[in-house]
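Here's the structure, in structure tokens; my notes come after.
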Amino acid sequence: MQPQYRPADIEKQAQAEWDEKRAARAVEDPARPKYYCLSMFPYPSGKLHMGHVRNYTIGDVLARYHRMRGHNVLQPMGWDAFGLPAENAAMANGVPPAKWTYDNIAYMKQQLKSLGFAIDWERELATCRPEYYRWNQWLFLRMLEKGLAYKTTGVVNWDPVDQTVLANEQVIDGRGWRTGAPVEKREIPMYYLKITAYADELLQGLEALAEWPERVRLMQSNWIGRSEGVEVAFPYAHDPVQALKVFTTRADTLLGATYCALAAEHPLAAQAARDKPELAAFVEACKRGAVMEAELATQEKKGMPTGLHVLHPLTGKKLPLWVANYVLMGYGEGAVMAVPAHDQRDFEFATRYGLPIKPVIRTSAGETTPAPWRDAYAEHGTLINSGKYDGLDFQGAVDAIAADLARKGLGRKRIQYRLRDWGISRQRYWGCPIPIVHCPQCGDVPVPDAQLPVVLPEDCVPDGTGNPLNRRADFVNTRCPKCGQPARRETDTMDTFVDSSWYYIRYACPDNERAMVDERVRYWLPVDQYIGGIEHAILHLLYSRFWTRVMRDLGLVRFDEPFSRLLTQGMVLNEIFFRKRGSGRITYYNPADVDIRTDERGNRIGAALKADGLPLESGGIGTMSKSKNNGVDPQALVDQYGADTARFFMMFTSPPEQTLAWSDSGVEGSYRFLRRVWAFAADYQGNVRPQVRSGALAQVALDAKLAAVRREVHLNVKQANYDMQRQQFNTVASACMKILNALEGVPRNPPAIGAGAAAVIEEGVSILLRLQAPITPHLSHHLWRELGFGEDVFDAPWPEAEEGALEQKEVELVLQINGKTRGSIRVPSDATREAIEQAALVSPVAQKHIAGIPVKKVVVVPGRLVNVVAQ
RNA sequence: GCCGGGAUGGCGGAACUGGUAGACGCACGGGACUCAAAAUCCCGCGCCUUCACGGGCGUGCGAGUUCGAUUCUCGCUCCCGGCACCA
């Protein structure tokens, strides 16, 4: 064989063979256990970034590993092809989003192929294709029929200069990103999906997702935000027949309510502002303000009295009614009762505006509420200053107060969710058209199934001023499906989260032109393993869980949860280097163009630009991005080192769930390892293999040294198997390196090599090639055949540790004196607890440390340590 | 602000259920090979102290539980992800 490792050659060769054999093609086969391994599909942004490489390498490692374990594996790929960046690219270059998108797909597909992923390309799909999105439209119509989709108004960011709706991302410090004009809020009609109808089920379902990361389940649970509380009605002082409804989880503090507050969007606020210009101005200012929750929550708390009052439902006392910017219209009733003594936000607000503060709970912190605020005031406790409720605890008080309110018809217990319905209307061109026709006679008319798909014209070029579909007469002008009269098509498109909420189902049957799903879905779904970025922990995953349940209730699928096991991968980061110009402008330099200077111990002392040798400032570490110029092009990596090195490095350098900090020298290390594997294989072929006799290992007695090597190999096989199970791939890669290190320790100078050594090496090489095959498929595939182990390494059995190889006669135990490690003792591996204690006590190390001191006790941890406690 | 996560040598990380902290790799230092360089191989490598044996300290910070804590509990600091129209 070739003495030099040439990844370019063997990778091209292996990929051609796999293509030829359709090696990754998945065919339904009820006789074999199926394994549906899915990585989140990419947005075709132009070229692959490191996050993609990481994601798809993890997926491919799992797919190939399960293939070797005998599963029928499906690993598909597609394109999340609708979205905003295509419109931005169109504006910048004058190219239609469709062309830009299809070009990107073609390029990225070839990149994915060069990385050697075992993807079944025959199932490829793109969400911007009518044959895909027609089923978005079809299901949307079913949801309309069932009342799961509905139309109401929603608030959007409006750029008054460009006359267009902006995404949150396009709003920078409250201004339009292109025009710089202050962004306004607008209420427009939009379609919503009733995810709240499934709130409880989505919450309950989390419990069954045992193989999801705990943190994701927690985040989803908090996002759904179920709270038990009481709906309380505060009658209007000016019209006690009507009442202001609020929701509270702290009905026990009702007697401490000193005012009520409304969101600016609350109808009562508008009513109160009618003849009060100052209030009207405040309400308007609030409405103009932030849309994003993060901004709303951090803004300064402001408010204004409405002049109206409400009556306390239990005492009848008049309480002032305020408008406050910290009350959210989207949660509960859009109004709150304020208890400044026991809620921090209310406290800050009351303090600022001189509203009364009345303590009604005795907490561990004390009875009254002096400023400043302490968190303890928000805790549950015993009621005080609450008349007949005094002395009750939290639950007792809530029950009693809710009962009294119910008797008066002024309240009831209720469950409230934080989750809101999903607004899917986007005033954008590059998305799936919403299949509705607006008829002057008949109103909003759903497009009949027979007329689906409503096809998006692919030749529009957006210019940033509104949705270009509005200017496409051939799209907009149509006839009403009901009355046949001229009518207008809806030009809003769907949120791209709709596209990604069910693509994993369509992979089972992408070619079915007649139905959204077919019987193949029953074979492949649910997804056994889903892999993607942690940033999708809530929205995408929750929408998919919701959409799956809708499809289930329509009889389309038979499972509740789409993803049985989830791996959330960390982000890929890199260093940031920059210089400040005289003008204060910052120029960023790519880490590839930077020299790191270190002292003689390897400590960094500075960084300089290669081009001019002058120093650069370090901006720390951050996600790879264009703006910080710290991206590493995976293509360059593959071109220089090959796909296997890129894959191995990705797996080795960090556990999959953690953020990964890029390092060029680390890549070198991975490449060096693969070269060593190659060199060792060449040496094996030339010098060892001729000495191997069949069944050698069973026939030769290994001396202690060889037995130790073999034990090391099998220990690492055991470790690698355990780590594969728990998906900690970095230590699988480590295990491969340790195996090679052990094998290299066997002397193998010809002709001295003995039968035992040859047998141990042969077994070790065979194990190593299989163990790293999922990570470095090209190398393993090539060497497996070249060394005569078999035709295809992926048809070979997955290596398992042999218990016999792990046994040893003696074990070394750590010897601790009073919890401090002082040495070690060797004992027979079957030594009793008493024998171990004795061996420890008589050991010279113990004698030295405990001489003359009485031994209190001896702790023995079998196989690990002995701790002699003396005092 | 709210929700979730993280922090271990110069660096990436390992330590499985509370049991030898630093596996494996990178960087760095020394050496071998070479006319030389690259590649490769060997040795060293947490910090302080010691000629050495050894000793002390050490897993973001401060407490606690335990024979024993990177691991468990409580209180902080800093960093990262999400917050509903980026995907």
Side-chain angles (χ1 to χ4, degrees), chain A residues 40 42-43 45 80 83-85 154 156-157 165-171 213-216 218-219 221-223 225 291-299 326 330 345 418-428 495-497 500 533-540 542-543 568 570-571 573 596 598-604 620-623 649 652-655 657-670 672-673 675-676 679 719 722-723 726 728 730-731 733-738 741 812-816 818-821 823-824 856-859 861 864-865 867-869:
Chain A
M40 289 182 184
Y43 179 80
S45 54
D80 189 11
L84 201 51
V156 294
N157 304 305
V165 174
L166 297 177
N168 284 340
E169 188 193 49
Q170 298 170 313
V171 180
E214 184 59 34
R215 58 171 162 164
V216 175
L218 243 182
M219 280 191 266
S221 172
N222 291 334
W223 183 262
V291 180
M292 286 164 268
E293 195 192 309
E295 220 174 306
L296 286 168
T298 46
Q299 71 193 358
Y326 72 93
R345 285 174 312 178
R418 206 187 75 96
L419 182 69
R420 305 200 296 261
D421 277 341
W422 174 14
I424 58 156
S425 293
R426 297 291 180 268
Q427 298 67 46
R428 301 245 171 72
D495 180 6
T496 55
F497 275 124
S500 56
I534 181 67
E535 65 274 19
H536 297 288
I538 296 175
L539 291 179
H540 161 61
L542 192 62
Y543 290 146
T568 48
M571 326 241 316
L573 311 180
I596 303 297
T598 60
D599 63 17
E600 71 286 351
R601 287 171 107 163
N603 298 324
R604 175 187 292 201
I621 205 159
T623 51
F649 172 71
F652 174 65
T653 197
S654 201
E657 305 222 289
Q658 264 180 49
T659 53
L660 183 156
W662 186 258
S663 148
D664 281 326
S665 50
V667 178
E668 285 282 356
S670 295
R672 194 173 303 153
F673 170 68
R675 279 204 312 255
R676 274 174 58 207
Q719 183 69 47
Y722 177 74
D723 291 338
R726 60 172 178 159
Q728 186 173 288
N730 54 326
T731 44
S734 286
C736 293
M737 290 171 146
K738 288 178 184 175
N741 287 348
E812 187 169 305
L813 299 182
V814 168
L815 177 57
Q816 292 187 340
N818 290 329
K820 281 194 190 282
T821 302
S824 64
K856 234 163 69 178
K857 69 172 172 178
V858 181
V859 181
V861 183
R864 288 200 180 267
L865 61 70
N867 185 12
V868 179
V869 186

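Computation of the quantities below employed the complete heavy-atom set of this structure, encompassing side-chain atoms and omitting hydrogens, waters and symmetry-equivalent molecules. Note on naming: letters A, B, ... go to the chains in the order of the sequence lines (proteins, then strands), and numbering restarts at 1 for each one.
Between A:S654 and B:rG12 there is no side-chain polar atom (N or O) within less than 4.0 angstrom of OP1 or OP2. At least one side-chain nitrogen or oxygen of A:T496 sits closer than 4.0 Å to the OP1 or OP2 atom of B:rA87.
In terms of position along RNA chain B, the nucleotide closest to A:R345 lies nearer the 5' end than the nucleotide closest to the other residue of the pair A:Y43 and A:R345. Each of A:R676 and A:L218 was assigned the nucleotide of RNA chain B with the nearest heavy atom; the assignment lying further toward the 5' end belongs to A:L218.
Remark: A:F649 CZ to A:N730 CG distance equals 11.5 Å, nearest 0.5 Å. To the nearest 0.5 Å, atoms CD (A:E169) and CG (A:N157) are separated by 12.0 Å.
Computed from coordinates, the A:K820 NZ to B:rU66 P distance equals 18 Å when rounded to whole Å. Rounded to an integer number of Å, the gap from CZ of A:F673 to P of B:rC26 is 11 Å. Rounding to whole angstrom units, CD of residue A:E293 and C1' of B:rG82 are separated by 10 Å. Regarding A:M571, its CE atom lies at a distance of 6 Å from the P atom of B:rG81, rounded to whole Å. For the pair A:D495 CG and B:rC85 P, the interatomic distance rounds to 6 Å; values are reported in whole Å. The CD-P distance, from A:E535 to B:rG6, rounds to 17 Å in whole Å. The interatomic distance linking A:N730 (CG) with B:rC16 (P) rounds to 13 Å, in whole Å. The CG-P distance, from A:L660 to B:rC80, rounds to 17 Å in whole Å.
Note on A:V216: nothing from the nucleic acid sits closer than 4.0 angstrom, heavy atoms only. Looking at heavy-atom distances under 4.0 Å, A:W422 makes no contact with the nucleic acid at all. A:A537 comes within 4.0 angstrom of no nucleic acid atom, judged by non-hydrogen atoms across all strands. Using a 4.0 Å heavy-atom distance criterion, A:H540 is classed as making no nucleic acid contact. Nucleic acid contact class of A:R864 (heavy atoms, under 4.0 Å, all strands): sugar-phosphate only. Within 4.0 Å of A:D723, counting heavy atoms only, lies no atom of the nucleic acid at all. Residue contacts shown for A:P655 are limited to sugar-phosphate atoms, with no base heavy atom under 4.0 Å away. The residue A:L296 sits apart from the nucleic acid: no heavy atom pair falls under 4.0 Å. Counting non-hydrogen atoms under 4.0 angstrom, A:S670 reaches nothing in the nucleic acid.
The nucleotide whose nearest atom lies closest to any side-chain atom of A:Q816 is, among B:rU20, B:rC3, B:rA84, B:rU20. Listed nucleotides: B:rA14, B:rU20, B:rG1. Nearest to the side chain of A:V814: B:rU20. Comparing B:rA84, B:rC86, B:rG25 against the side chain of A:R420 picks out B:rA84 as the nearest. For A:Q719, taking side-chain heavy atoms from C-beta onward, the closest of the listed nucleotides B:rG19, B:rC16, B:rG25 is B:rC16. Of the listed nucleotides (B:rC83, B:rA23, B:rU40), B:rU40 has the atom at the smallest distance from the side chain of A:R675. Taking only side-chain atoms of A:N222, from C-beta outward, the nucleotide of B:rA87, B:rC3, B:rA84 with the closest atom is B:rC3. When the nucleotides B:rG19, B:rC16, B:rG12 are ranked by their closest atom to the side chain of A:Y722, B:rC16 comes out on top. Checked against B:rC16, B:rC67, B:rA87, the side chain of A:R726 finds its nearest nucleotide in B:rC16. With distances taken from any side-chain atom of A:R672 to the nucleotides B:rG12, B:rA87, B:rA27, the minimum falls on B:rA27. Checking B:rG19, B:rG13, B:rA21 against every side-chain atom of A:T821, the shortest atom distance belongs to B:rA21.
Side-chain atoms of A:Q427 come within donor-acceptor range of the base of B:rC85, with a qualifying N/O pair under 3.5 Å. No N or O donor and acceptor, one from the side chain of A:N168 and one from the base of B:rC85, sit under 3.5 Å apart.
In A:R215, the CZ atom is crowded: over 12 heavy atoms of neighbouring residues, nucleotides or ligands sit closer than 6.0 Å.
For B:rC2, the paired base is B:rG82 (Watson-Crick or G-U wobble, both distances below 3.5 Å).
The closest side-chain heavy-atom distance from A:R676 to A:N741 is below 4.5 Å.
A distance of about 15 Å separates the C1' atoms of B:rU71 and B:rG22, rounded to the whole Å. Distance check on atom P: B:rC26 versus B:rC16 gives 24 Å, rounded to whole Å. Annotation: B:rG58 and B:rC51 have their P atoms spaced 24 Å apart (nearest Å). Across B:rC11 and B:rC61, the matching C1' atoms stand 23 Å from one another, rounded to whole Å. Comparing B:rG82 with B:rU73, their P atoms sit 27 Å apart, to the nearest whole Å. Nucleotides B:rG54 and B:rU65 are separated by 33 Å at their P atoms, to the nearest Å. Atom name C1', nucleotides B:rC41 and B:rC79: the rounded distance is 42 Å, in whole Å. Between B:rA23 and B:rA15, the two P atoms lie 13 Å apart (nearest whole Å).
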Applying side-chain contact (heavy atoms from CB on, under 4.5 Å) to A:M219 and A:W223, what does each step give before you reach the verdict? CA-CA 6 Å; A:M219 280 191 266; A:W223 183 262; over 6 Å; no
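A side-chain donor-acceptor contact under 3.5 Å links A:Q170 to the backbone of A:A167.
Taking both residues in full, the closest heavy atoms of A:V869 and A:N818 are given as CA-OD1, 3.4 Å, listed atom of the first, atom of the second, then distance. Residue A:S824 comes nearest to A:E812 through the heavy atom pair OG-OE2, 3.4 Å, listed as atom of the first residue, atom of the second, then distance. Minimum interatomic distance between A:T568 and A:P213 (heavy atoms only, all atoms of both residues): OG1-CG, 3.8 Å.
In textbook terms, a nucleotide whose glycosidic angle is within 90° of 0 is syn, while B:rG55, being further out, is anti.
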